[in-house]
Amino acid sequence: MGYLGRDVEVVSINPEQYLVGSCDSCGAIGMKDLDAYKISGIITGRLTTRVTLMEVLSTGAAVKMMTVAISNEPHPTADRILEGVKEELDSAGLSELPMAISTEKNMITQQTGLGISVVGVVEKNQLRIGTAQPGDDIFCLGLPKVGPEITNPDDPEIVQINHIQSLLGISGVFDIIPVGSRGIRREAELLAAGVNTRLHIEPTCSLDLDKSAGPSSCLIFSVRSSFQSEISEGVLNQVLTKSPRLPLTKVGNLFKI
């Protein structure tokens, strides 16, 4: 049910490497008659793809393949969803990623249904799960948004694949966790529990820590205190200068139990 509380599974495939897998589902969000939230299938495809990619990439794994299961007819619903999937892959620099696709060709459907899985491989000594330590600070990049708050996959206040890719290259950043429906607080508490620590919330933190972040509209990451100056330069220069409206907020820090 998730490796160390994360929305991924990690399996040893040889003495040096792990296989990392993640999946995400999306139902009743699209342009079908009985969809609860009406929005373009392109956006549905983009954001669902983004969630699964972020989950795998945040572990330090290199993405190797994906599957797209669409519980609707090939034309026009699946076409629109796949257009969004491919747009997101293009924006992540993964346009050549191998992909298996399935659509519903026998039944008439009245609600949009989508499931996406992503599989990656990581060297065991590069796995970025459970790498935080007591004393680390926890930051949130982006804002928690859900449902009608997200009508634009390029919303400048939500995180995208390139933000994770930038964080992975900064020394002093350790655990990176995309935030979903559990909210920032719960994800940060799971991070803390995974390394036998507890979370102290920063009193000045103004974020709604219990709000769903929907399709991973924000992420949290741990920072070693000895790298604070590098983090400031790294994050601000590599991420925020390219995305000036993307909020960076200190959530708290980890202390030893």
Side-chain angles (χ1 to χ4, degrees), residues 1-3 6-11 13 18-59 61-121 145-155 158-161 164 178-182 212-217:
M1 295 298 291
Y3 183 80
R6 297 284 292 269
D7 290 331
V8 295
E9 282 297 346
V10 178
V11 179
I13 53 174
Y18 289 120
L19 194 69
V20 180
S22 184
C23 64
D24 192 46
S25 63
C26 183
I29 300 175
M31 296 303 293
K32 303 291 284 183
D33 291 344
L34 297 184
D35 281 340
Y37 178 49
K38 295 290 198 297
I39 198 166
S40 167
I42 295 175
I43 295 177
T44 299
R46 280 199 67 178
L47 293 178
T48 308
T49 300
R50 183 177 299 175
V51 169
T52 49
L53 288 175
M54 288 177 66
E55 290 290 355
V56 172
L57 288 170
S58 67
T59 70
V63 175
K64 296 300 183 181
M65 64 164 289
M66 71 184 300
T67 67
V68 183
I70 304 171
S71 301
N72 304 110
E73 78 288 344
H75 316 289
T77 301
D79 287 341
R80 300 293 280 174
I81 290 172
L82 288 171
E83 185 177 345
V85 171
K86 292 172 182 176
E87 281 186 11
E88 191 64 22
L89 290 175
D90 287 345
S91 70
L94 296 167
S95 57
E96 301 302 317
L97 187 69
M99 183 190 318
I101 301 168
S102 178
T103 62
E104 176 55 61
K105 304 173 185 70
N106 299 301
M107 300 296 175
I108 297 174
T109 62
Q110 295 180 293
Q111 284 186 307
T112 301
L114 172 63
I116 293 181
S117 297
V118 169
V119 176
V121 174
K145 295 189 179 186
V146 65
E149 294 177 305
I150 303 179
T151 58
N152 175 16
D154 298 313
D155 181 338
I158 67 176
V159 293
Q160 300 188 46
I161 300 298
I164 282 188
V179 179
S181 58
R182 292 186 289 198
S212 169
S216 297
S217 63

So does [Y] get a backbone contact from the side chain of [X], meaning a donor-acceptor N/O pair under 3.5 Å?
X   : Y    : result
D24 : T49  : no
E55 : T52  : no
S22 : V118 : no

Show the nearest heavy-atom pair for residues [X] and [Y], with the distance to one decimal.
X    : Y    : value
L34  : Q111 : O-NE2, 2.9 Å
T109 : S71  : CG2-O, 3.2 Å
C26  : T48  : CB-OG1, 3.6 Å
S212 : S181 : OG-CA, 3.3 Å
I116 : G45  : CD1-O, 4.4 Å

Side chains of [X] and [Y]: closer than 4.5 Å at any heavy-atom pair?
X    : Y    : value
L94  : E88  : no
T59  : V8   : yes
I39  : I29  : yes
V159 : M54  : yes
V121 : L19  : yes
E149 : V146 : yes
L53  : L89  : yes

Using a 6.0 Å cut-off, check whether atom [atom1] of [X] has over 12 heavy atoms from anything other than its own residue.
X    : atom1 : result
K145 : NZ    : yes
K64  : NZ    : no
I108 : CD1   : no

So how far is it from [X] [atom1] to [Y] [atom2], rounded to the nearest 0.5 Å?
X    : Y    : atom1 : atom2 : answer
T103 : L114 : OG1   : CG    : 12.0 Å
E104 : N72  : CD    : CG    : 8.5 Å
I150 : L47  : CD1   : CG    : 6.0 Å
E83  : I42  : CD    : CD1   : 3.5 Å
K32  : T44  : NZ    : OG1   : 12.0 Å
D79  : E73  : CG    : CD    : 8.5 Å

Steps toward side-chain hydrogen bond (donor to acceptor under 3.5 Å, both in side chains) verdict (S58, R6): CA-CA 11 Å; S58 67; R6 297 284 292 269; 3.1 Å; yes
From CA spacing to verdict: side chain to side chain contact (heavy atoms under 4.5 Å, CB included), S40, R80: CA-CA 8 Å; S40 167; R80 300 293 280 174; 4.1 Å; yes
Evaluation steps, side chain to side chain contact (heavy atoms under 4.5 Å, CB included), between S91 and R46: CA-CA 10 Å; S91 70; R46 280 199 67 178; 4.1 Å; yes
Working for side chain to side chain contact (heavy atoms under 4.5 Å, CB included), residues T112 and M31: CA-CA 7 Å; T112 301; M31 296 303 293; 6.0 Å; no
Residues L82, V68; criterion side chain to side chain contact (heavy atoms under 4.5 Å, CB included); working and verdict: CA-CA 8 Å; L82 288 171; V68 183; 4.0 Å; yes
